[in-house]
Every structure is written in structure tokens, then in C-alpha cells.
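As C-alpha cells, the structure follows; a few thoughts come after it.
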Amino acid sequence: MATDSHLPDVDAADAEHDDPADDAETAWRIRAYVARVEAYDDAPDECTIYPEDADADELPTTWVSAESGSYVSLEAMR
């Protein structure tokens, strides 16, 4: 059971759905994502994260980018 009330509980099965991936509220939690880092000579490197299975229509609207220095590793936050 999720402890954060604002996050969907992916362990709780909806009575109408056998597969949590069918539920729009939980599907994002089980998708695979790609992180790609672009190195620039004259600007900070940039990391872009996007869904691995995004099609050409979805890709322009389902990504997030951050410049080097504005993100930290998961290990550093633990």
C-alpha cells in the first residue's frame, strides 16, 4: 500500500481491471523511461527523460529536460 496519499496505489487492483497498466492513473508508474544526456561544448550538458515506448505523436509532449547542475543522482538524495 502506498504511504504517500497523492500517489496512486499500484498494488491495489481495481475491481474492473486485472492489469494495473490498464488504469490511466497507474500506467505512468510502470512505464520504462530513457534518460539521454547531450554534451555541449558551449553550454551545460542536458539530460532529457522520455518514455521508451513513445510514438512520434506522443514524444514532443512527454519529455522533461534539465541542464547539468540542476539535477542530482538518486544515490545523493537517499
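Only a predicted model underlies this, so the values are computations on that prediction, with no experimental measurement involved.
Residues Tyr40 and Asp45 come closest through the heavy atom pair N-OD1, 3.2 Å.
If you chain together hydrophobic residues whose side chains sit under 4.5 Å apart, Trp63 and Val34 fall into the same group.
Interatomic distance, Ser68 OG to Glu46 CD, rounded to the nearest 0.5 Å: 10.5 Å.
Here Thr62 pairs with nothing under the side chain to side chain donor-acceptor pair (under 3.5 Å) rule; sequence neighbours left out. Every residue two or more places apart in sequence or in another chain that forms a side chain to side chain donor-acceptor pair (under 3.5 Å) with Asp53 is listed here: Arg31.
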